[in-house]
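Heads up, the thing below is written out as structure tokens.
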2 protein chains.
Amino acid sequence: MQDTKERIMAVARATAQAHGYGALSFRELAKAVGVRSASVHYHFPTKEDLGVALARRYREDAEAGLAAIAEASTDPAQCLRAYVGIFRRALENDNRMCMCGFMAAETDDLPEAVRAEVRAFADANVGWLANILSRTDGRDRSVHEARALAIYAAVSGAQLVARCRGGVAAFEAIVESYRASGLIPAGQ
Amino acid sequence: MQDTKERIMAVARATAQAHGYGALSFRELAKAVGVRSASVHYHFPTKEDLGVALARRYREDAEAGLAAIAEASTDPAQCLRAYVGIFRRALENDNRMCMCGFMAAETDDLPEAVRAEVRAFADANVGWLANILSRTDGRDRSVHEARALAIYAAVSGAQLVARCRGGVAAFEAIVESYRASGLIPAGQ
DNA sequence: ACCTGAACACCGTTCAAGT
DNA sequence: ACCTGAACACCGTTCAAGT
């Protein structure tokens, strides 16, 4: 049995990926974990504290996953396929989406500390993508970063749109269009 | 002075574009319009009724705007620039986003009738984009529809990402990458 | 036709108090 | 250290009553 704090974070992440930060409720989290809502406040004094912990952990996990992908293959196209796979798996997991993608929509309702973590998540994605793209040619870092941001935005949008229209199949079709148009390097 | 129902819809739209469907509250809407929450229920018996009316109107307005763009110019690249401009203006309007983009994130919390309207909005966008793309060449409709969906998703994602990271400038940079990569036809 | 006050059953959140 | 009861300020909804 995990400790209460970890179980709260796990349930909270799954909830935020399906319903957003705004839908995070101490009462429901407590019910799912088997304690009272006031007990959740013992571990996370405010909702902001929970949000910051969630977003930071989410980014750390993402960074670890991305590092593993970059080490598993030197082929940029293959790394990018694995990258897209992360977003696809969120949809496969009961139509969930990237937690920070949802939070991006909720920016105006986020405490500043949470928003900062959401930005850091985006930065980590863009930085990693730029590193992968720099394997394809020796152009300036700024060129790869611009394209990296575009890929991150496009894949996020594919996930968002597919979530309410077409599901995983639509997501795959959209990403295939990205490859066909040249936005995402597809190799060969 | 507009009538109360119209003023409620205007405030609700602006709110939903900034905070989502979930943040729509009859009490706050009432306060903004200067009536009591029970009066809002006179015009929209339930929140679902309000959501459906909002999303339907949003789609109708979008369809009218898109039709005007398609008639104002025969040049696909110019039409696509105008299309992107719609999304940019949402960001310029106090960092708001497409209402149906926000609602796409909230799919799981939407009454089915509202979700259907959100899908209809996406369909209208994709259909219009496919019409514009079909002006560029005579390939099959299905080819243009696939690309249209990809462009809709990519522009939605650019708006979502820019909303919490870089604002309008980031949005423009991302869209420029879409054009440079060939995802969005840029003319010449 | 349009609006309202009051009530209902709920909600997330907080915090002083328990063990 | 960990948990809780009770209170607070909300919410959508209903309905009888006003104009």
Side-chain angles (χ1 to χ4, degrees), chain A residues 1-55 99 102-103 105-115, chain B residues 1-55 57 99 102-103 105-115 117:
Chain A
M1 181 79 132
Q2 285 178 104
D3 69 354
T4 303
K5 187 167 185 176
E6 284 303 313
R7 296 177 64 218
I8 291 168
M9 287 194 71
V11 174
R13 180 191 287 204
T15 302
Q17 284 190 258
H19 309 283
Y21 174 83
L24 245 27
S25 123
F26 279 49
R27 256 187 185 133
E28 278 181 23
L29 255 21
K31 204 177 298 174
V33 169
V35 293
R36 298 306 197 155
S37 75
S39 307
V40 179
H41 282 280
Y42 169 74
H43 297 285
F44 304 99
T46 67
K47 188 167 172 176
E48 173 170 355
D49 293 316
L50 172 61
V52 170
L54 266 186
M99 193 179 77
F102 209 136
M103 288 183 174
E106 296 175 294
T107 339
D108 286 2
D109 301 306
L110 255 32
E112 176 48 37
V114 178
R115 200 182 306 133
Chain B
M1 180 79 133
Q2 286 178 101
D3 71 353
T4 303
K5 187 167 184 177
E6 285 303 312
R7 295 177 64 217
I8 292 168
M9 287 195 70
V11 174
R13 180 191 284 203
T15 302
Q17 283 189 259
H19 309 284
Y21 174 83
L24 246 27
S25 127
F26 278 52
R27 278 190 158 103
E28 275 181 26
L29 255 21
K31 204 177 298 172
V33 169
V35 294
R36 299 307 193 152
S37 76
S39 307
V40 180
H41 281 282
Y42 170 74
H43 297 286
F44 305 99
T46 67
K47 187 167 173 176
E48 174 170 354
D49 293 316
L50 172 62
V52 170
L54 265 187
R57 175 74 66 84
M99 193 179 76
F102 208 135
M103 288 184 173
E106 295 176 294
T107 339
D108 286 3
D109 301 305
L110 255 31
E112 175 50 35
V114 178
R115 200 183 307 133
E117 283 295 338

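Heavy atoms only: backbone and side chains are in, while hydrogens, waters and symmetry mates are out. Each chain gets a letter, A, B and so on, in the order the sequences are listed, and its residues count up from 1. Here the structure is a predicted model, which means the values were calculated and not measured.
Taking only side-chain atoms of Arg36(A), from C-beta outward, the nucleotide of dG12(D), dC3(D), dT4(D) with the closest atom is dT4(D). Here dT14(C) is the nucleotide among dG5(C), dT14(C), dT13(D) with the atom lying nearest to any side-chain atom of Ala38(A).
Side-chain nitrogen and oxygen atoms of Ser25(B) include at least one within less than 4.0 Å of the OP1 or OP2 phosphate oxygen of dG12(D). Residue Lys47(A) places none of its side-chain N or O atoms closer than 4.0 Å to OP1 or OP2 of dG12(C).
For dA7(C), the paired base is dT13(D) (Watson-Crick or G-U wobble, both distances below 3.5 Å). The partner of dC2(C) is dG18(D), by the rule that a Watson-Crick or G-U pair needs both atom distances under 3.5 Å.
For the pair Glu48(B) (side chain) and Pro111(B) (backbone), a donor-acceptor distance under 3.5 Å is absent. A donor-acceptor contact shorter than 3.5 Å links the side chain of Arg115(B) to the backbone of Thr107(B). Proximity of a side-chain donor or acceptor of Lys47(A) to a complementary backbone N or O of Phe26(A) within less than 3.5 Å is not detected. Glu106(B) places a side-chain N or O within 3.5 Å of a backbone atom of Tyr21(B) that can act as its donor or acceptor partner.
Here the C1' atom of nucleotide dC15(C) and the CZ atom of Phe26(A) are 13 Å apart, to the nearest Å. Here the P atom of nucleotide dT13(D) and the CZ atom of Phe44(B) are 13 Å apart, to the nearest Å.
At the heavy-atom level, Thr4(B) lies under 4.0 Å from the strands shown only through sugar-phosphate atoms. Among the protein residues, His41(A) comes within range of the nucleic acid bases, having at least one heavy atom under 4.0 Å from a base atom. Residue contacts for Ser39(B): at a heavy-atom cut-off of 4.0 Å it reaches a base atom on one of the strands shown. Here Glu28(B) lies in heavy-atom contact (under 4.0 Å) with sugar-phosphate atoms only. When heavy atoms are screened at a 4.0 angstrom cut-off, Tyr42(A) is found touching base atoms of the nucleic acid. In this structure, Leu24(B) reaches the sugar-phosphate backbone alone: every heavy-atom distance under 4.0 Å involves primed, P, OP1 or OP2 atoms, never a base.
Judged by distance alone, with hydrogens and angles left aside, Arg27(B) brings a side-chain donor or acceptor within reach of the base of dG12(D), the pair sitting under 3.5 Å.
Separating the OG atom in Ser25(A) from the NE2 atom in His19(A) is a distance of 11.0 Å, to the nearest 0.5 Å.
Both Pro45(A) and Lys31(A) lie close to DNA chain C; mapped to their nearest nucleotides by heavy-atom distance, the more 5′-ward contact belongs to Lys31(A).
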